[in-house]
Protein chains: 2
Amino acid sequence: MRDTRDKILDASLALFSKKGFLGATTKEIAKKAGVAELTLFRHFSSKERLFEEMIASHSFLPALKGLLPELKELSYRDALAQIAGRFLNRLSERRDLIKIMHSEIHLYPAKVREIQQNLVGEIVKTLASYFRGMQEGGLLKEFDPELGARAFLGMFFQYFTNQEFVVESKQKFENRDAVIREYVNIFVSGTEAGKSNNWSGSRDGVI
Amino acid sequence: MRDTRDKILDASLALFSKKGFLGATTKEIAKKAGVAELTLFRHFSSKERLFEEMIASHSFLPALKGLLPELKELSYRDALAQIAGRFLNRLSERRDLIKIMHSEIHLYPAKVREIQQNLVGEIVKTLASYFRGMQEGGLLKEFDPELGARAFLGMFFQYFTNQEFVVESKQKFENRDAVIREYVNIFVSGTEAGKSNNWSGSRDGVI
DNA sequence: CATTAATGTTAGCGCTTACTTACATTTTTA
DNA sequence: TAAAAATGTAAGTAAGCGCTAACATTAATG
């Protein structure tokens with residue numbers, strides 16, 4: 001049955017994420033999947049193969065192919081907020097995979113790099129090419145587009161991991177949208193006091 | 001002997017970092033420390049206690065107590081570069097501990113939070129209070145100082161983990177100082193095209 | 001130098017783990 | 001409905017793990 005295989009894959013994702021590769025036992029995975037342990041081994045020749053196939057089955061995702069055109073119809077701020085939001089969504093969806101990625105770098109450096117690539121690489125490229133376009137239009141300053149993309153996404157990746165894996169009682173900065181707004185604003189216009197950019201508008205409520 | 005204890009603690013840091021708590025065996029740790037396995041258990045009643053004491057012995061560090069006054073004598077850009085540099089240095093020094101922190105969140109959530117707190121908390125506060133001072137002096141825009149500090153350090157934390165744990169052949173962005181310069185610049189004056197901030201000076205060498 | 005403390009050596013216990021064998025039972029398929 | 005494929009049950013194997021016991025050896029101490 002195709003169903004059984006998937007149930008095992010899903011259970012293994014959850015348990016590898018929660019307890020790590022060594023900490024999750026095949027017996028436990030089978031139990032969580034609602035199958036006999038032997039059935040697990042009939043589908044996957046070893047625990048290691050199960051791990052690899054689980055990773056393979058969960059790690060690819062396109063998800064923002066046609067995003068670039070959309071961005072061009074938004075203001076710079078809105079475009080960045082859009083990217084940040086989607087990025088955070090994707091990270092949330094792939095929460096378990098990211099946890100595994102953090103836990104098992106030593107076991108599977110290649111696989112982990114592959115996940116990272118699939119998860120971040122595409123969005124970095126999309127954002128970088130958006131920056132390039134805007135720079136050519138004279139709308140942005142000169143900076144390395146890919147480096148800029150990594151800086152921008154890095155702020156959010158770090159925010160995400162901190163929220164998901166470190167913070168316990170969802171404290172101060174749980175307001176996702178407020179964080180996005182503030183980070184985007186910093187990225188757009190910086191922090192140094194200057195002429196215009198006060199943008200005091202939507203700060204304390206009311207719009 | 002005091003020496004023996006420390007040798008075991010050091011060996012356990014290295015191996016827990018490399019293979020995780022479950023992956024590192026007491027036999028292997030003892031061998032790396034150059035002692036008999038039994039000696040390890042005479043110093044630490046269990047593998048778990050060894051792990052905890054190792055964490056405790058490595059996780060505290062003040063390291064930038066008197067930094068704030070120093071910062072006030074620097075330009076905004078230089079102050080941020082200074083902070084970023086010190087932050088990256090600290091992360092490099094504590095490389096192994098950070099790896100463990102990533103690997104063992106599920107086992108020791110409390111301990112991991114404590115490390116994170118010791119490692120990042122102090123520097124966040126220092127930077128935030130620097131921001132506050134600068135804002136009161138009218139030198140910076142209005143933004144949440146702690147959130148700003150987290151955004152700034154987040155860019156670098158992400159850069160660090162990417163370099164250390166993901167990238168293999170030190171590729172494109174190995175130039176630490178160039179990354180610091182670009183990130184600081186983005187943070188200071190943003191990315192949106194405006195009036196002044198071309199700052200084309202020290203971009204390609206030659207100051 | 002004699003006593004005590006710290007370490008080494010070896011062997012092993014009890015437990016868990018990934019994985020297997022043999023056979024019964026269910027489910028799917030033709 | 002009969003053959004075939006998928007799953008279950010139960011028992012067990014071999015290996016590795018954390019950890020201990022008993023005793024010998026070395027190093028530090030007074």
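Scope of the values below: all heavy atoms of this structure, side chains included, with no hydrogens, waters or symmetry mates. Throughout, a chain's letter reflects where its sequence line sits, starting with A, and its residues are numbered from 1.
- Protein atom NZ of Lys31(A) is 21 Å distant from nucleotide atom P of dT7(D), rounded to whole Å.
- For the pair Ile8(B) CD1 and dA6(C) C1', the computed distance is 11 Å after rounding to whole Å.
- Checking dC19(D), dC19(C), dT7(C) against every side-chain atom of Glu37(A), the shortest atom distance belongs to dC19(C).
- Looking at the side chain of Thr26(A), the nearest of the listed nucleotides dC19(D), dA18(C), dT9(C) is dA18(C).
- At least one side-chain nitrogen or oxygen of Thr4(A) sits closer than 4.0 Å to the OP1 or OP2 atom of dT7(D).
- Inter-residue side-chain proximity for Ser12(B) and Lys47(B) is flagged as unmet; no heavy-atom pair is nearer than 4.5 Å.
- Computed from coordinates, the Phe44(A) CZ to dA18(C) C1' distance equals 16 Å when rounded to whole Å.
- Closest contact between the side chain of Thr39(A) and the listed nucleotides dG8(C), dT7(D), dT20(D) involves dT7(D).
- Across all strands, Gly34(A) comes closer than 4.0 Å only to sugar-phosphate atoms, never to a base (heavy-atom distances).
- Rounding to whole angstrom units, CD of residue Glu28(A) and C1' of dA18(C) are separated by 14 Å.
- Considering only the side chain of Arg42(A), dT7(D) comes nearest among dT7(D), dG18(D), dT20(C).
- You'll find that the side chain of Ala36(B) is closest to dT9(C), out of dC19(C), dT9(C), dC19(D).
- No contact: Ala30(A) has no heavy atom under 4.0 Å from any strand.
- In this structure, Lys27(B) places its NZ atom 13 Å from P of dA15(D), rounding to the nearest Å.
- Checked against the 6.0 Å centroid threshold, Phe187(A) and Phe131(A) count as a close aromatic pair.
- Per the geometry, CG belonging to Leu50(B) stands 12 Å off C1' belonging to dG18(D), to the nearest Å.
- Atom P of nucleotide dC17(D) and atom CZ of Phe41(B) are separated by 12 Å, given to the nearest angstrom.
- Residue His43(B) has no polar side-chain atom (N or O) positioned under 4.0 Å from OP1 or OP2 of dA6(C).
- Mapping Leu38(A) and Thr25(A) onto DNA chain C by nearest heavy atom places Thr25(A) at the nucleotide closer to the 5' end.
- For Tyr108(A) and Phe51(A), the distance between ring centers is under 6.0 angstrom.
- With hydrogens and angles left out, the side-chain atoms of Ser189(A) and Lys141(B) include a donor and acceptor closer than 3.5 Å.
- Taking atom CG of Leu40(A) as the reference point, atom C1' of dG8(D) lies 14 Å away to the nearest angstrom.
- A distance of 6.0 Å or more separates the ring centres of Phe87(B) and Phe156(B).
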